[in-house]
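Residue numbers start at 1 and run along the sequence shown.
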Amino acid sequence: MMQLKDLFVKAGERLKESRTRLLAMALSVPAVASAQGLPEVDAPSQGGGQGLIQQMQGYLYDFGIVIGLVLCTVAFLMVGASALASFKEARERETWGKFAVTVIIGVVLIVAVVWLATEAASILQQ
């Protein structure tokens, strides 16, 4: 019974020591950190430096472009996965016509998505 009590006492002492170290580290962080070594924030590609509203619109434009790129990437990956699944099925069942149709429709779909994203970017720019 005495050993268990000693174990809890030692654990409590270690906890107090680690709390003290953590507090000392947390208090020393603001003294070490300064804005001198931080990189500058990039201006948006559209409307930077003309006021807060225009700068926010520029960042929203950049965000819209990134979302369009993500959607194009997702469409490309989905078409690729579908083409791979169709290729596997064509090898097993000898139905190459379905594979060809899947690839042709996939290419048309990717071209349409990229064209729509390009049109949306020009609309966002206005």
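Clustering of Ile, Leu, Val, Met, Phe, Trp and Tyr side chains at separations under 4.5 Å leaves Leu77 isolated, with no partner residue. Within the hydrophobic cluster formed by Ile, Leu, Val, Met, Phe, Trp and Tyr side chains joined at under 4.5 Å, directly or through other members, Val101 is accompanied by Ile105.
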What donor-acceptor contacts under 3.5 angstrom involve side-chain atoms of residues 106-118, with partners at least two apart or in another chain?
unit_1 : atom_1 : unit_2 : atom_2 : d
Thr118 : OG1    : Val114 : O      : 2.8

Listing, residues 59-72 side-chain donor-acceptor contacts under 3.5 Å, not counting sequence neighbours, or none:
unit_1 : atom_1 : unit_2 : atom_2 : d
Tyr59  : OH     : Asp42  : O      : 2.8
Asp62  : OD1    : Ser45  : OG     : 2.5
Asp62  : OD2    : Ser45  : N      : 3.1

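Residues satisfying the ring pair (Phe, Tyr, Trp, His ring centres under 6.0 Å) criterion with Phe87, sequence neighbours excluded, are Trp96, Phe99. Lys98 pairs by the side chain to side chain donor-acceptor pair (under 3.5 Å) definition with Glu89, not counting sequence neighbours.
Between Ser82 and Thr102, some side-chain heavy-atom pair lies under the 4.5 Å cut-off.
Identified under the side chain to side chain donor-acceptor pair (under 3.5 Å) test for residues 70-81, with sequence neighbours left out: none.
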